[in-house]
Amino acid sequence: MKLLPIVLAAAAAFASTWTVAQPATGAGGATCEAKREAIGHDIEEAKAKGQKQRVRGLEKALGEVRRTCSDARLAAEHQRRLKAQERKVAERERDLREAQRKGRADKIADREGKLRDAQAELQQLKGAR
């Protein structure tokens, strides 16, 4: 039973590090070096706060990034996310046109909101290049 809190803490540390360690760069979203630096910074912060379990989780995440990270793979993954979001925007545009064709004001407002959200996410992905 004592192992569960440790595993959960490590998973939470890794998940938070993964999202924090994805700065925007010219290479298509992030570089491996930027990820290593961000995790290193988080390790130093956790050490300063005495968060031993978080440090262990972050060190594990850093080791994983060192072993498996590739800038080319990161760029390809960014392109995949970009294309998927473009498809989502197109789908939201079709949904909006369909609601407009049917003339349902409540559906139109809903679809417009979803389209705006999808477009904002697409712009954010495009800005991360």
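Positions are given from 1, in the same order as the sequence printed here.
- If you take CD1 on Ile43 and CZ on Arg56, they are separated by 12.5 Å, rounding to the nearest 0.5 Å.
- Across every non-hydrogen atom of Leu58 and Ile39, the tightest pair is O-CG2, 3.5 Å.
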| field | Steps toward side chain to side chain contact (heavy atoms under 4.5 Å, CB included) verdict (Lys35, Leu62) | value | CA-CA 8 Å; Lys35 284 179 181 259; Leu62 182 58; over 6 Å; no
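- Residues that satisfy the side-chain contact (heavy atoms from CB on, under 4.5 Å) test with Gln123, not counting sequence neighbours, are Lys126.
- Distance CG/Leu82 to CD/Gln124: 12.0 Å, rounded to 0.5 Å.
- When the salt bridge (Lys or Arg N to Asp or Glu O under 4.0 Å) test is applied to Asp117, no partner is found at least two apart in sequence or on another chain.
- Heavy-atom minimum distance, Val89 versus Leu115: O-CD1, 3.8 Å.
- Residues Leu125 and His78 share a closest heavy-atom pair of O-CE1, 3.0 Å.
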| request: Evaluate the side chain to side chain contact (heavy atoms under 4.5 Å, CB included) criterion for residues Asp95 and Arg92: first the C-alpha distance (whole Å), next the side-chain angles of each, then the deciding distance (0.1 Å), finally the verdict. | output: CA-CA 5 Å; Asp95 291 346; Arg92 298 290 188 217; 4.0 Å; yes
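- For the disulfide bond (SG atoms under 2.5 Å apart) condition, the pairs that include at least one residue of residues 53-127, sequence neighbours left out, are Cys32-Cys69.
- For the atom pair CZ (Arg54) and CD (Glu59), the distance works out to 12.0 Å, reported to the nearest 0.5 Å.
- Expressed to the nearest 0.5 Å, how far CD of Gln79 lies from CZ of Arg81 amounts to 9.5 Å.
- Annotation: side chain to side chain donor-acceptor pair (under 3.5 Å) contacts of Arg116 (sequence neighbours excluded): none.
- Listed by chain and residue number, nothing satisfies the salt bridge (Lys or Arg N to Asp or Glu O under 4.0 Å) test with Arg73 (two or more places apart in sequence, or in another chain).
- Side chain of Gln85 to main chain of Ala118: a donor-acceptor pair is present (N/O by atom type, distance under 3.5 Å, no hydrogens or angles).
- Scanning for side chain to side chain donor-acceptor pair (under 3.5 Å) contacts around Glu91 gives an empty result, with sequence neighbours left out.
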Between side-chain atoms of residues 44-52 and protein atoms elsewhere (two or more places apart, or another chain), which donor-acceptor pairs fall under 3.5 Å?
from	atom 1	to	atom 2	distance (Å)
Glu45	OE2	His41	NE2	3.0

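- Counting only heavy atoms from C-beta outward, the side chains of Glu93 and Gln119 approach each other to under 4.5 Å.
- Glu98 meets the side-chain contact (heavy atoms from CB on, under 4.5 Å) test with Arg101, Lys102; sequence neighbours excluded.
- Residue pairs meeting the disulfide bond (SG atoms under 2.5 Å apart) criterion with at least one member in residues 75-126: none, sequence neighbours excluded.
- A salt bridge is defined here as a Lys NZ or Arg NE, NH1 or NH2 lying under 4.0 Å from an Asp or Glu carboxylate O, and Arg67 with Glu64 meets this definition.
- By the salt bridge (Lys or Arg N to Asp or Glu O under 4.0 Å) test, Lys107 is found to be paired with no residue, residues two or more places apart in sequence or in another chain being considered.
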